[in-house]
Amino acid sequence: MKVAIVCYPTHGGSGVVASELAIGLADKGHEIHIVSYAQPFRLRSFHQNIFLHEVGVSSYPLFKYPPYALGLATKLVELVEDCDLELIHAHYAVPHAASAYLAKQILGSRRIKTITTLHGTDITLVGADQSFHRVIKFTIEKSDGVTVVSEYLKQRTIEEFDIQRDIRVIYNFVDTQRSAPEHVDCTRETYAPEGEKILMHASNFRPVKRVGDVVRIFAKVQERIPAKLILIGDGPERVFIQQLVKELKLIDQVYFLGEQDYLEPLFFCADLFLLPSEQESFGLTALEAMACGVPVICAETGGLPEVISHGETGFLFPVGETGKMAENAVDLLRNPERHESFKTKARSRASQCFNADRIIPQYETYYEEILKSGDHL
Ligand code: GMT
């Protein structure tokens, strides 16, 4: 197949899923054209069968906001014509799905199919914003195919936008080969020289991630057992979090590593991963942690209960219940046998249910179905 994959290039789940999908499909011989405003961070090295196309948007004094959606649509039209593409797969509704729809209309009689993958905040946060609501609903209805990353997100999309059409659930996935322990290159001693336990969190430091809760959970844990916290990522809340760490007198115990392209090497240093988000349509970082044998303590929200098995691979507690999260973290860390069993189950759940070898063929099959189907106009 010859496919255009449209995605965000920045550190974030939707860009990771789109890039890893591109790699998986290209490995199987499909011709994949990545369309984005910059090179996605997971596609910096060379991959056979992957072609990168950056969308540039001219800036004129008249434009307060450069019209990226139109530049993207134009790029897609050119690519479909020049490279004879069959399918545009837009990751994230805003504005990618709208640009794909526009490209399809411009191409007219030339047959091209569009698939939109909804990732979460395009429905739960951006979608709830009235200024985008009608366009998102329209593009969901008009895409030839729509996938979502969890059953939760499917229900949420149907309810939020009153959608009647079919929506396919295809879960996020991990390359469990890359999560194999022989790839370890992080040493615990660097972060925990006295043999302390290591807790970890990775996100884009947006309010929806409740990184403040991560710090509060850690503050309670380290009162009872020697521990360190590693925070990975960057975003609008970082300054506030650094302030909170100072106020709680935890500076010597918390490491801010900034954005990292791959989390696996660091996960091998971790004893627990914390994800107390307000909302999480799936929680790709939780899955990546599990794949490396790291149990996850997270909020019982969104799609996380579909990923984490409570009492087996981690714990789920209501949003904001930092006390319970900390208490269970301490109990688990103090019980090496139980901790070991959680680690084993986390790794095996990730590889049995969410392995790339299992999920990428689901996208391939869906592509084939959509290519065979009639137009969805
Ligand atoms: O909020 C993020 O983590 C970024 C966001 C994105 O679109 O890049 O992530 C969303 O998509 C991921 C991949 O499908 C999901 O695993 C995340 O759960 C989802 N984030 C939220 O729903 C908050």
Side-chain angles (χ1 to χ4, degrees), residues 5-8 10-25 40 42 89-94 96-97 100 114-128 136 139-140 143 145-161 163 165-176 202-204 206 208-209 263 275 277-291 296 298-309 313-314 316 349-367 369-370:
I5 290 185
V6 186
C7 66
Y8 282 106
T10 46
H11 289 81
S14 62
V16 172
V17 170
S19 302
E20 297 292 343
L21 175 62
I23 294 168
L25 292 170
R42 284 276 173 102
H89 185 177
H91 287 262
Y92 211 85
V94 185
H96 302 160
T114 60
I115 291 178
T116 299
T117 290
L118 304 171
H119 281 274
T121 47
D122 43 357
I123 297 302
T124 55
L125 299 181
V126 182
I136 296 177
T139 52
I140 291 172
S143 295
V146 176
T147 80
V148 288
V149 299
S150 62
E151 291 292 344
Y152 158 80
L153 190 58
K154 179 174 173 174
Q155 281 321 310
R156 192 67 203 268
T157 304
I158 291 169
E159 284 158 21
E160 194 87 48
F161 294 94
I163 299 295
R165 62 163 301 150
D166 281 351
I167 295 180
R168 180 75 51 93
V169 175
I170 304 183
Y171 285 131
N172 285 179
F173 56 91
V174 270
D175 176 352
T176 48
S203 75
N204 48 21
R206 294 190 186 278
V208 72
K209 300 290 176 180
L263 300 177
L275 194 63
S277 312
E278 185 84 33
Q279 275 173 14
E280 204 64 67
S281 65
F282 182 91
L284 179 60
T285 48
L287 172 61
E288 289 179 327
M290 272 169 53
V296 179
C298 62
E300 194 174 10
T301 186
L304 282 169
E306 294 169 59
V307 184
I308 309 299
S309 172
T313 67
L316 296 142
R349 180 164 168 76
S351 96
Q352 275 166 24
C353 306
F354 306 108
N355 196 353
D357 292 351
R358 187 188 166 97
I359 305 291
I360 289 176
Q362 294 178 20
Y363 277 110
E364 250 180 322
T365 306
Y366 193 58
Y367 284 5
E369 276 174 38
I370 294 300

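Remember, it's a predicted structure, so these values are computed and weren't measured experimentally. Quick note: residue numbers are just sequence positions, from 1.
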V94 and I136, any side-chain heavy atoms less than 4.5 Å apart
yes
Decide whether S143 and T116 meet the rule of one side-chain donor and one side-chain acceptor closer than 3.5 Å.
yes
At what distance, to the nearest 0.5 angstrom, does CG of L118 lie from CD of E160?
11.5 Å
Short side-chain to backbone donor-acceptor contact, R165 and I140, under 3.5 Å
yes
Are the side chains of Y171 and Q362 in contact, using a 4.5 Å heavy-atom criterion?
no
Stepwise side-chain contact (heavy atoms from CB on, under 4.5 Å) check, I115 with Y363:
CA-CA 10 Å; I115 291 178; Y363 277 110; over 6 Å; no
Side-chain heavy-atom pair V16, E288 within 4.5 angstrom cut-off:
yes
Heavy-atom closest pair, residues L304 and F282:
CD2-O, 3.3 Å
Nearest heavy atoms of L263 and A202, plus distance in Å:
CD1-CB, 4.0 Å
Beyond-backbone contact of V208 with S277, side-chain heavy atoms, under 4.5 angstrom
no
For residues N172 and L287, report the shortest heavy-atom separation together with the two atoms involved.
O-CD2, 3.8 Å
Salt bridge (Lys or Arg N to Asp or Glu O under 4.0 Å) involving E369 - partner list, sequence neighbours excluded
R168
Looking at OG of S203 and CD of E280, how far apart are the two atoms once the value is rounded to the nearest 0.5 Å?
8.5 Å
Between atom CD1 of I360 and atom OG1 of T365, what is the distance when rounded to the nearest 0.5 Å?
12.0 Å
Is there a donor-acceptor pair under 3.5 Å between the side chain of E306 and the backbone N or O of Y152?
yes
Interatomic distance, I167 atom CD1 to E151 atom CD [nearest 0.5 angstrom]
10.5 Å
Contact summary for T301 and Q279, nearest pair of heavy atoms:
OG1-CA, 3.8 Å
Which atom names give the shortest non-hydrogen contact between L316 and I308, and what distance separates them?
CD1-O, 3.7 Å
Please check this pair: side chain of Y366 against backbone of V146, looking for a donor-acceptor N/O pair closer than 3.5 Å.
yes
Any side-chain heavy atom of V174 sitting closer than 4.5 Å to one from M290?
no
Hydrogens and angles aside, do T121 and Y92 bring a side-chain donor and acceptor to less than 3.5 Å of each other?
yes
Sorted by chain and residue number, the salt bridge (Lys or Arg N to Asp or Glu O under 4.0 Å) partners of E364 (sequence neighbours excluded) come out as K28
Is S309 close to R349 at the side-chain level, that is, under 4.5 Å between some pair of heavy atoms?
yes
A side-chain contact here means heavy atoms from C-beta on lying under 4.5 Å apart; do L21 and H91 qualify?
yes
From H96 NE2 over to I5 CD1, what is the distance, rounded to the nearest 0.5 angstrom?
12.5 Å
On a heavy-atom basis, which atom in H89 and which in T117 lie closest, and how many Å separate them?
NE2-OG1, 2.6 Å
Taking C-beta and beyond as the side chain, do L284 and V17 meet within less than 4.5 Å on heavy atoms?
yes
If you apply the rule side-chain contact (heavy atoms from CB on, under 4.5 Å), what do you find for K209 with N204, and how did you get there?
CA-CA 8 Å; K209 300 290 176 180; N204 48 21; 3.5 Å; yes
Do H119 and S281 meet the criterion of a side-chain donor-acceptor pair at a distance under 3.5 Å?
no
For the atom pair CG (D122) and OG1 (T124), what is the distance rounded to the nearest 0.5 Å?
7.5 Å
